[in-house]
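Okay, structure first, notes after.
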Amino acid sequence: MLARELYRTNPDRVRAALADRRSDAPLDRLLEVDARWRQVLAEVEGLKAERNRGSKQIGQLFAAGRRDEADAAKARMSALGARIAELEAGAARLGEEMAELELVIPNLPHESVPVGPDETANRVERTWGEPPTFDFEPRAHWDLGPGLGILDFERAAKVAGARFAVLWGMGAALERALVTFMLDLHRGRGYEEVYVPFVVNRQALRGTGQIPKFEQDLFHLEGTDYYLVPTAEVPVTNLYAGEILEEAALPKRLCAYTPCFRAEAGSHGRDVRGLIRQHQFDKVELVHLATPERSYEELEMLTASAELVLQRLGLAYRVVTLSTGDMGFAAACTRDLEVWLPGQGCYREISSCSNCEDFQARRMELRFRPTGGGKLRLVHTLNGSGVAVGRTLIAVLENFQQVDGSVVIPEALRPYLDGVERLTPRG
RNA sequence: GGAGAGGUGCUGGAGUGGUCGAACAGGGCUGCCUGCUAAGCAGUUGUCCAGGGUAAACCUGGACCGGGGGUUCGAAUCCCCCCCUCUCCGCCA
């Protein structure tokens with residue numbers, strides 16, 4: 001949600017930002033409804049003030065024993081009450097429409113974000129590591145995995161459907177090792193680990209911005225108010241929703257493991273092979289809550305935390321700032337980490353780190369009390385993958401594959417795998 | 001699943017249908033006192049929305065006592081529905 005003051009006093013700036021985003025958000029409709037709402041509200045409040053004065057008088061008249069006058073006043077107030085109810089119903093309708101409109105307007109991009117229509121306008125900030133070279137044709141994980149006997153799409157399709165996977169044996173252990181490795185790494189850097197519900201309600205999804213615009217991407221538990229989490233960002237960021245934090249308690253840096261569930265509506269035909277795009281995948285998520293003054297420093301730290309995971313694993317990657325046309329709904333600034341995948345011969349997203357500034361905080365009423373006193377302020381929320389576990393497993397398989405189809409386990413993971421150094425093809 | 005208790009401000013905790021935005025206590029803040037700290041004394045201290053004013057302060061009005069309806073001239077207070085927490089019983093990992 002944007003600040004009302006912003007779109008009221010500076011609609012042109014908002015309009016320009018929406019254009020940069022290639023957004024067709026109904027700003028003009030919002031401005032119109034807002035104006036009418038304020039007009040009706042002023043009228044309603046004036047009448048209510050009159051009624052409040054009248055009611056108080058009635059009480060006094062009764063106390064003074066002037067019953068006749070009181071009864072007459074009651075009749076007048078009753079008529080007034082009917083008018084108020086009528087006008088108020090109108091104001092409520094306008095207020096609801098306004099709230100709905102506000103919820104579908106995306107965040108404004110930060111001034112540092114490159115302006116452009118899509119991912120071609122993204123800006124590469126830096127690269128780390130050298131993509132490995134092979135003296136053979138590197139294979140994709142969807143060949144390597146089944147060859148190692150650790151990855152099984154057929155049986156997943158049998159028990160669930162397309163876009164699911166079964167990990168066998170060392171594959172399952174590797175997945176779990178990656179999760180633990182990542183959580184340990186972040187915990188060691190001052191993050192507090194949290195374990196959160198894997199289902200969330202509509203209110204939480206509204207808080208982080210998945211609802212109402214992206215409801216079709218979610219798995220809904222029929223007959224309930226519950227949805228499977230599409231990312232730990234939702235339960236973790238909403239932990240303090242509606243609360244007032246002390247400034248001294250900021251920044252908060254949290255990490256959480258959850259599976260993530262996405263309906264992937266509208267992505268038919270994209271990344272149909274392999275583990276890249278699944279209905280269910282594991283992720284370790286990082287969430288920072290910070291003061292506005294610090295939030296961009298926190299974005300750097302958050303990104304660095306995600307990068308460290310890849311560095312420790314020895315995976316080459318690059319950091320990209322998303323352009324205005326490629327950013328997510330709630331973000332003001334997003335840096336993606338893209339890991340090199342030899343099987344695909346390209347960099348693929350493995351982490352997305354965003355500063356949402358006060359956009360989510362306004363939706364979930366997450367505020368802090370400044371240390372020196374003064375008015376409550378909105379917290380800035382940040383989130384990022386630290387990192388996507390399934391895609392990391394892909395990266396490990398593809399980057400450390402050997403000519404014989406075996407895969408060398410990165411040293412950082414060996415303590416989590418009983419010292420195993422290499423996965424070898426089965427029989 | 002069954003029975004009961006309860007949800008009030010930053011916290012604890014009162015509250016008779018009408019000067020209740022809410023007693024009291026704690027905490028915070030500001031003064032005073034004090035060699036320092038603690039204690040003590042006095043005062044002060046909610047949020048959101050609209051309008052006015054504006055550098056800010058502030059002023060006027062409205063709303064808010066878990067959420068939503070209802071009764072009433074008027075609801076924290078009465079009625080209905082829902083949610084959540086706690087206790088006991090049952091069940092279960």
Side-chain angles (χ1 to χ4, degrees), chain A residues 1-10 30-103 195-207 211 221 223-227 235 238-250 252 289 358 361-379:
Chain A
M1 241 161 73
L2 302 180
R4 284 184 182 169
E5 193 190 349
L6 176 64
Y7 66 75
R8 278 174 188 165
T9 61
N10 221 335
L30 174 58
L31 291 169
E32 186 188 322
V33 173
D34 176 45
R36 284 170 53 202
W37 174 74
R38 284 194 278 173
Q39 192 186 335
V40 178
L41 189 67
E43 198 176 345
V44 168
E45 291 189 347
L47 294 179
K48 280 189 174 179
E50 194 180 331
R51 181 177 66 183
N52 286 344
R53 282 194 300 274
S55 292
K56 190 174 279 189
Q57 270 179 7
I58 289 169
Q60 289 164 349
L61 288 172
F62 270 119
R66 293 151 72 182
R67 233 201 143 75
D68 291 349
E69 290 172 66
D71 285 337
K74 274 173 74 164
R76 284 200 303 277
M77 288 306 113
S78 187
L80 185 59
R83 271 190 68 204
I84 289 174
E86 213 173 298
L87 283 170
E88 199 169 30
R93 272 195 301 277
L94 289 167
E96 277 167 32
E97 184 176 356
M98 202 170 124
E100 284 169 22
L101 291 166
E102 283 181 314
L103 286 176
Y195 178 87
V196 293
F198 297 168
V199 296
V200 288
N201 56 36
R202 291 185 68 83
Q203 188 180 328
L205 288 158
R206 197 179 305 117
I211 277 182
L221 301 183
T224 72
D225 186 41
Y226 293 142
Y227 295 76
N238 276 289
L239 285 174
Y240 295 102
E243 297 191 29
I244 296 164
L245 305 174
E246 294 299 330
E247 180 173 359
L250 301 175
K252 285 190 181 294
L289 306 180
D358 62 13
R362 187 172 290 106
R363 287 174 162 243
M364 65 176 76
E365 295 186 84
L366 168 53
R367 295 169 295 177
F368 73 95
R369 188 181 304 286
T371 300
K375 301 195 96 168
L376 302 181
R377 302 176 67 197
L378 291 164
V379 169

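When reading the values below, keep in mind they use all heavy atoms of this one structure, side chains included, and skip hydrogens, waters and symmetry mates. Below, chain A is the first sequence line, B the second, and so on; all start at residue 1.
- Checking side-chain atoms of A/Arg51 against main-chain N and O of A/Met77 turns up no donor-acceptor pair under 3.5 Å.
- Going from the P atom of B/U77 to that of B/G68 covers 13 Å, rounded to whole Å.
- Note on A/Ala49: only backbone sugar-phosphate atoms sit closer than 4.0 angstrom, heavy atoms only; bases stay farther off.
- Proximity of A/Arg367 to the phosphate of B/C48: a side-chain N or O atom is located under 4.0 Å from OP1 or OP2.
- Here the C1' atom of nucleotide B/A50 and the CD atom of A/Glu5 are 14 Å apart, to the nearest Å.
- Panel note: side chain A/Asn238, backbone A/Ala204; a donor-acceptor pair is recorded below 3.5 Å.
- Residue contacts shown for A/Ile58 include a base, since a base heavy atom lies under 4.0 Å away.
- In this entry the distance linking CG of A/Leu80 with C1' of B/U72 reads 14 Å, nearest Å.
- OP1 or OP2 of B/A50 lies within a sub-4.0 Å distance of a side-chain N or O belonging to A/Arg8.
- Atoms CD (A/Glu50) and C1' (B/G74) sit 15 Å apart, rounded to a whole Å.
- Residue A/Phe198 qualifies as enclosed at atom CZ: its count of foreign heavy atoms under 6.0 Å is above 12.
- Between the P atoms of B/A57 and B/G67, the separation comes to 28 Å (whole Å).
- Stems are defined here as 3 or more consecutive Watson-Crick or G-U wobble pairs with pairing distances under 3.5 Å; those involving RNA chain B are B:1-7 with B:83-89, B:10-12 with B:24-26, B:27-32 with B:40-45, B:46-52 with B:58-64, B:66-70 with B:78-82.
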Verify side-chain contact (heavy atoms from CB on, under 4.5 Å) between A/Met98 and A/Leu30, making sure each step is shown before the conclusion. CA-CA 6 Å; A/Met98 202 170 124; A/Leu30 174 58; 3.7 Å; yes
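- Comparing the C1' positions of B/C78 and B/U72 gives an interatomic distance of 10 Å, to the nearest angstrom.
- Counting non-hydrogen atoms of other residues, nucleotides and ligands closer than 6.0 Å to CD of A/Glu32 gives a total above 12.
- In terms of position along RNA chain B, the nucleotide closest to A/Arg53 lies nearer the 5' end than the nucleotide closest to the other residue of the pair A/Ala73 and A/Arg53.
- The distance from atom CG of A/Leu47 to atom C1' of B/A50 is 14 Å, rounded to the nearest whole Å.
- A gap of 15 Å separates the P atoms of B/U37 and B/G28, to the nearest Å.
- Here the separation of B/C58 from B/G40, taken at their P atoms, is 30 Å to the nearest Å.
- In this structure, A/Glu365 atom CD and B/C49 atom C1' are separated by 12 Å, rounded to whole Å.
- Distance A/Phe368 CZ to B/U47 P: 14 Å, rounded to the nearest Å.
- Comparing B/U34 with B/A39, their C1' atoms sit 10 Å apart, to the nearest whole Å.
- Separating the NZ atom of A/Lys74 from the P atom of B/C73 is a distance of 6 Å, rounded to the nearest angstrom.
- Counting non-hydrogen atoms under 4.0 angstrom, A/Asn52 reaches the backbone sugars and phosphates but no base.
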Could you give me the CA-CA distance, side-chain angles and deciding distance for A/Val379 and A/Tyr240, then say whether side-chain contact (heavy atoms from CB on, under 4.5 Å) is met?
-> CA-CA 10 Å; A/Val379 169; A/Tyr240 295 102; over 6 Å; no
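- One P atom belongs to B/U8, the other to B/U85, and the distance between them is 14 Å to the nearest Å.
- When each of B/A50, B/C10, B/C73 is scored by its nearest atom to the side-chain atoms of A/Ile244, the top-ranked nucleotide is B/C10.
- Checking the phosphate oxygens (OP1, OP2) of B/C49, no side-chain nitrogen or oxygen of A/Arg4 falls inside 4.0 Å.
- Backbone-only contact: A/Leu376 has heavy atoms under 4.0 Å from sugar-phosphate atoms and none from a base.
- Using a distance-only test at 3.5 Å, with no hydrogens or angles considered, a donor-acceptor pair links the side chain of A/Arg363 to the main chain of A/Arg206.
- Atom CD of A/Glu243 is surrounded by more than 12 heavy atoms from other residues, nucleotides or ligands within 6.0 Å.
- Atom CG of A/Asp71 and atom P of B/G74 are 14 Å apart (whole Å).
- Residues A/Glu88 and A/Lys56 both approach RNA chain B. Their nearest nucleotides, taken by heavy-atom distance, put A/Lys56 toward the 5′ side.
- In this structure, A/Arg51 reaches the sugar-phosphate backbone alone: every heavy-atom distance under 4.0 Å involves primed, P, OP1 or OP2 atoms, never a base.
- Classification of A/Arg4 and A/Asp34 as a salt-bridged pair fails, no side-chain N sitting under 4.0 Å from a carboxylate O.
- Annotation: B/A75 and B/A3 have their P atoms spaced 33 Å apart (nearest Å).
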